[in-house]
Visitor: 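Can you read through this structure? Questions will come right after.
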Amino acid sequence: MNDIPDFSQFTKEKVLQYNENGFVFGFTTKKHGDGRKDETLENLQKELKVNPTSTIRLEQIHGTNIHIIEKIPEFLAPQKGKKEEKQIKLPDTDGVITKLPGIFLTVLTGDCVPIIFIDPKNKVAGVSHQGWKASLE
């Protein structure tokens, strides 16, 4: 990253957003709503001005399981006559990495640390939920 984001713009009411080499990311607070709810994620996507092909949600367990998403499962691909499903829920997972464009990665935190990984050269992005136990492993 060439510049460090201006964190002074971040308020409880405004999403901190940053765009680096085609990667858009943001942070919110509970003032934006419950991050486990579809409506909250949809509102965040509108505020960030993104329309992802899929949204990845983690069932965080305070562990070390990381998934690599190399392709969207066929059951999520739009099918004629069926409503398009954009949500992928990964069970028992605290991190996800992908090279796929248009994927909206999410991570929820309370007293744990969210980490965003970006490799602009290889066009790889990831998010991780870091609890203290897994951070020690």
Side-chain angles (χ1 to χ4, degrees):
M1 293 165 70
N2 298 332
D3 299 319
I4 296 175
D6 177 10
F7 289 100
S8 65
Q9 66 176 312
F10 183 54
T11 66
K12 290 180 181 177
E13 290 74 35
K14 185 176 187 237
V15 174
L16 172 65
Q17 53 188 325
Y18 195 66
N19 187 330
E20 177 67 24
N21 295 320
F23 295 94
V24 178
F25 55 92
F27 296 90
T28 64
T29 68
K30 63 183 176 182
K31 290 274 188 185
H32 290 91
D34 185 340
R36 298 170 292 189
K37 295 185 176 180
D38 294 343
E39 179 183 342
T40 303
L41 290 176
E42 290 166 7
N43 290 337
L44 175 60
Q45 292 166 354
K46 285 177 189 170
E47 190 166 343
L48 289 171
K49 297 182 174 97
V50 296
N51 186 20
T53 56
S54 296
T55 298
I56 308 289
R57 298 174 81 165
L58 310 179
E59 183 187 279
Q60 299 162 193
I61 57 167
H62 293 87
T64 57
N65 293 344
I66 306 292
H67 276 78
I68 298 173
I69 305 294
E70 296 184 72
K71 66 177 188 173
I72 298 301
E74 283 185 34
F75 69 89
L76 289 173
Q79 296 176 4
K80 190 174 181 177
K82 291 189 175 181
K83 181 181 175 188
E84 183 179 353
E85 174 62 58
K86 290 184 163 189
Q87 300 271 332
I88 299 173
K89 296 179 183 175
L90 299 176
D92 302 324
T93 304
D94 282 282
V96 63
I97 300 167
T98 191
K99 289 181 87 168
L100 296 175
I103 305 297
F104 192 79
L105 306 176
T106 66
V107 64
L108 298 172
T109 61
D111 59 352
C112 296
V113 178
I115 299 177
I116 299 173
F117 304 92
I118 296 175
D119 177 353
K121 181 179 177 185
N122 294 303
K123 300 199 182 298
V124 175
V127 295
S128 177
H129 165 258
Q130 293 298 128
W132 70 271
K133 286 182 185 179
S135 295
L136 290 176
E137 291 186 18

Visitor: Identify, with sequence neighbours excluded, every residue that meets side-chain contact (heavy atoms from CB on, under 4.5 Å) alongside Lys89.
Guide: Arg57, Gln87

Visitor: In chain order, what residues pass the side-chain contact (heavy atoms from CB on, under 4.5 Å) check against Thr93, with sequence neighbours excluded?
Guide: Leu58, His67, Leu90

Visitor: Counting C-beta onward and ignoring hydrogens, is there a side-chain heavy-atom pair between Gln45 and Thr55 closer than 4.5 Å?
Guide: yes

Visitor: Look up atom CG in Leu41 and atom CG in Asp34, then write down how far apart they are to the nearest 0.5 Å.
Guide: 9.0 Å

Visitor: If two hydrophobic side chains count as joined below 4.5 Å and joins carry through other members, does Val124 share a cluster with Leu105?
Guide: no

Visitor: Counting distance only, does the side-chain N/O of Thr53 pair as donor-acceptor with the main-chain N or O of Gly102 below 3.5 Å?
Guide: yes

Visitor: Side chains of Thr98 and Glu70: donor-acceptor distance under 3.5 Å anywhere?
Guide: no

Visitor: Any side-chain to backbone donor/acceptor pair from Thr106 onto Ile56? Under 3.5 Å, distance only.
Guide: yes

Visitor: In Å, rounded to the nearest 0.5 Å, how long is the span from CG of Asn43 to NE2 of His32?
Guide: 9.5 Å

Visitor: Tell me, do Ile103 and Ile69 make a side-chain contact under 4.5 Å, heavy atoms counted?
Guide: no

Visitor: Identify each donor-acceptor pair in which a side-chain atom of residues 108-121 lies under 3.5 Å from a protein atom, sequence neighbours left out, and give them as a table.
Guide:
residue: Asp119; atom: OD1; partner: Lys121; partner atom: N; Å: 3.2
residue: Asp119; atom: OD1; partner: Asn122; partner atom: N; Å: 3.2
residue: Asp119; atom: OD2; partner: Asn122; partner atom: ND2; Å: 2.8

Visitor: Starting at CD of Gln130, measure out to CD of Gln60 and round the result to the nearest 0.5 Å.
Guide: 10.5 Å

Visitor: Strictly distance-based, threshold 3.5 Å: is any side-chain N or O of Asp94 a donor or acceptor partner for the main-chain N or O of Gly63?
Guide: yes

Visitor: Determine, stepwise, if the pair Ile66 / Val96 fulfils side-chain contact (heavy atoms from CB on, under 4.5 Å).
Guide: CA-CA 5 Å; Ile66 306 292; Val96 63; 6.0 Å; no

